[in-house]
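Here's the structure we're looking at; comments come further down.
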Protein chains: 2
Amino acid sequence: MNISEAAKRSGLSSKTIRYYESIGLVKVAKRSDNGYRDYSESDVEALRFLQRARATGFGIEECRQLLGLYDNEQRHSSHVKSLVLEKVEQVESQIAELQAMRNTLNTLASRCAGDEGPHCAILDELSTVSGEESNLEEGK
Amino acid sequence: MNISEAAKRSGLSSKTIRYYESIGLVKVAKRSDNGYRDYSESDVEALRFLQRARATGFGIEECRQLLGLYDNEQRHSSHVKSLVLEKVEQVESQIAELQAMRNTLNTLASRCAGDEGPHCAILDELSTVSGEESNLEEGK
DNA sequence: GCTTGACCTTATAGTTGCTGGAAGCTTTAG
DNA sequence: CTAAAGCTTCCAGCAACTATAAGGTCAAGC
């Protein structure tokens, strides 16, 4: 099957598939007589695996590891599990960062009248010299 | 003051300050006789504003808008507030995405024995054809 | 047989927000 | 006087693609 069919079935774009090939994340596709890439079902399986792993938050290099384990009959499932648990931690710390941001933003918004006038507590806070009594971080 | 002093006071790096100048986010700094950039207190104030806004989650283009409002005596605080509230929404949807990811990862991990054997539910799930009864998304 | 349009190919550049390094000034400390 | 630190500019690179250009191929319709 041609690349666009493989794209449709894997959920990746054709561009992304070529890109993954170019960085060696998937093996080089075999070519038809016309020079087009030609994919088999098992190629699509690997592509779908990647699509899922990426959507689940794994980076390219982590996908490379996962794919290596996927292809390795000698793997230990504990190894796979630890990659996943490590990723959970990373995702959780990202969540915490974003929550802190959201709290700061909400605090800023709550202090601003949001009217026709030019005075704005948000701008005041953003320009405040660190160390002045603003307590922005505390989300009061 | 020289750039490294401005960097220290604003919380940005010298590189970042030069970068902001190069993309027109801050006005071109005036130069001393030796060709070094020379910053005033009010320059530092703008830089600090940017440092805060970036840390609070605003992108470069959003910072440009905020800075425009900061410098505009005719602004309406409602305009600033709506920028902030829009950002809150963006941050919240990012949080939701990451939480979904985390749930998926936890579900994956919980199904994997994590032992010496090669069988691994995580790899099975990641390679499952969409539409088969896995219910990964539902985080069961 | 020819055209049209969809699909394929490669190669290159752009995205975001910086960071790092090279090569070459000036200034400062010993 | 010399060495180190600090400044300058410009170019490359990071992640993970996406967009664009310029071209080859294929299937359908006339």
Side-chain angles (χ1 to χ4, degrees), chain A residues 1-26 28-40 43-44 46-67 87 90-91 94 97-98 101, chain B residues 1-26 28-40 43-44 46-67 87 90-91 94 97-98 101:
Chain A
M1 89 191 70
N2 283 348
I3 196 168
S4 64
E5 182 64 23
K8 199 177 304 171
R9 294 202 202 179
S10 63
L12 295 168
S13 72
S14 301
K15 296 250 185 205
T16 300
I17 295 173
R18 288 191 202 98
Y19 172 68
Y20 285 174
E21 186 185 296
S22 80
I23 60 170
L25 185 55
V26 294
V28 172
K30 94 180 205 289
R31 302 295 179 118
S32 306
D33 292 346
N34 57 16
Y36 289 10
R37 285 175 182 78
D38 185 26
Y39 295 91
S40 68
D43 292 333
V44 169
L47 291 170
R48 194 166 39 226
F49 182 96
L50 285 170
Q51 189 277 320
R52 296 234 176 162
R54 288 287 296 123
T56 308
F58 293 95
I60 294 287
E61 292 313 312
E62 290 163 331
C63 286
R64 215 186 283 274
Q65 283 185 66
L66 285 171
L67 219 39
K87 180 52 67 177
Q90 288 173 30
V91 170
Q94 278 185 65
E97 258 180 59
L98 288 171
M101 256 181 211
Chain B
M1 84 191 76
N2 283 347
I3 196 167
S4 64
E5 181 64 22
K8 200 176 303 169
R9 294 204 201 177
S10 64
L12 296 169
S13 72
S14 300
K15 288 262 185 198
T16 299
I17 295 173
R18 287 191 202 100
Y19 171 68
Y20 285 174
E21 185 184 296
S22 80
I23 60 171
L25 186 55
V26 293
V28 173
K30 94 178 206 289
R31 302 296 179 117
S32 306
D33 292 345
N34 57 15
Y36 289 11
R37 287 175 181 79
D38 185 27
Y39 295 92
S40 68
D43 292 334
V44 169
L47 292 169
R48 194 167 40 227
F49 182 96
L50 284 170
Q51 190 276 321
R52 295 234 176 164
R54 290 285 299 123
T56 309
F58 293 95
I60 294 288
E61 293 312 313
E62 291 163 331
C63 287
R64 214 185 284 274
Q65 284 184 64
L66 285 171
L67 218 40
K87 180 53 66 178
Q90 288 173 30
V91 171
Q94 277 186 66
E97 257 180 61
L98 288 172
M101 255 182 211

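Throughout, a chain's letter reflects where its sequence line sits, starting with A, and its residues are numbered from 1. Reckoned from all heavy atoms, side chains included, excluding hydrogens, waters and symmetry mates.
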Just the atom pairs and distances: protein N or O near nucleotides 24-30 of chain C's N or O, under 3.5 Å.
none

Produce the list of close N/O pairs, under 3.5 Å, pairing protein atoms with atoms of nucleotides 12-15 of chain C; give distances to one decimal.
none

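At distances below 3.5 Å, at least one donor-acceptor pair connects side-chain atoms of B/N34 with backbone N or O atoms of B/Y36. Looking only at distances, no side-chain donor or acceptor of B/R54 sits under 3.5 Å from a matching main-chain atom of B/C63.
With hydrogens and angles ignored, no donor-acceptor pair under 3.5 angstrom links the side chain of B/K15 to the base of C/dG17.
Shown here are the side chain to side chain donor-acceptor pair (under 3.5 Å) partners of B/D38, two or more places apart in sequence or in another chain: B/K30.
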Donor-acceptor contacts, no H, no angles, side chain residues 14-21 of chain A, under 3.5 Å, sequence neighbours left out:
unit_1: A/T16; atom_1: OG1; unit_2: A/S13; atom_2: OG; d: 2.8
unit_1: A/E21; atom_1: OE1; unit_2: A/A29; atom_2: N; d: 3.2
unit_1: A/E21; atom_1: OE1; unit_2: A/R37; atom_2: NE; d: 3.0

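Atom CE of A/M1 and atom C1' of C/dC7 are 16 Å apart (whole Å). C/dC8 atom P lies 5 Å from atom CG of A/N2, rounded to whole Å.
Within residues 16-23 of chain A, the residues approached by DNA chain D to less than 4.0 Å at the level of any non-hydrogen atom are A/T16, A/Y19, A/Y20, in residue-number order.
Chain B approaches DNA chain D within less than 4.0 angstrom (heavy atoms of the protein), and the contacting nucleotides run 5' to 3' from D/dG6 to D/dT9.
Side-chain nitrogen and oxygen atoms of A/R37 include at least one within less than 4.0 Å of the OP1 or OP2 phosphate oxygen of C/dT9.
Residue contacts for B/S13: at a heavy-atom cut-off of 4.0 Å it reaches the sugar-phosphate backbone alone, with no base atom in range.
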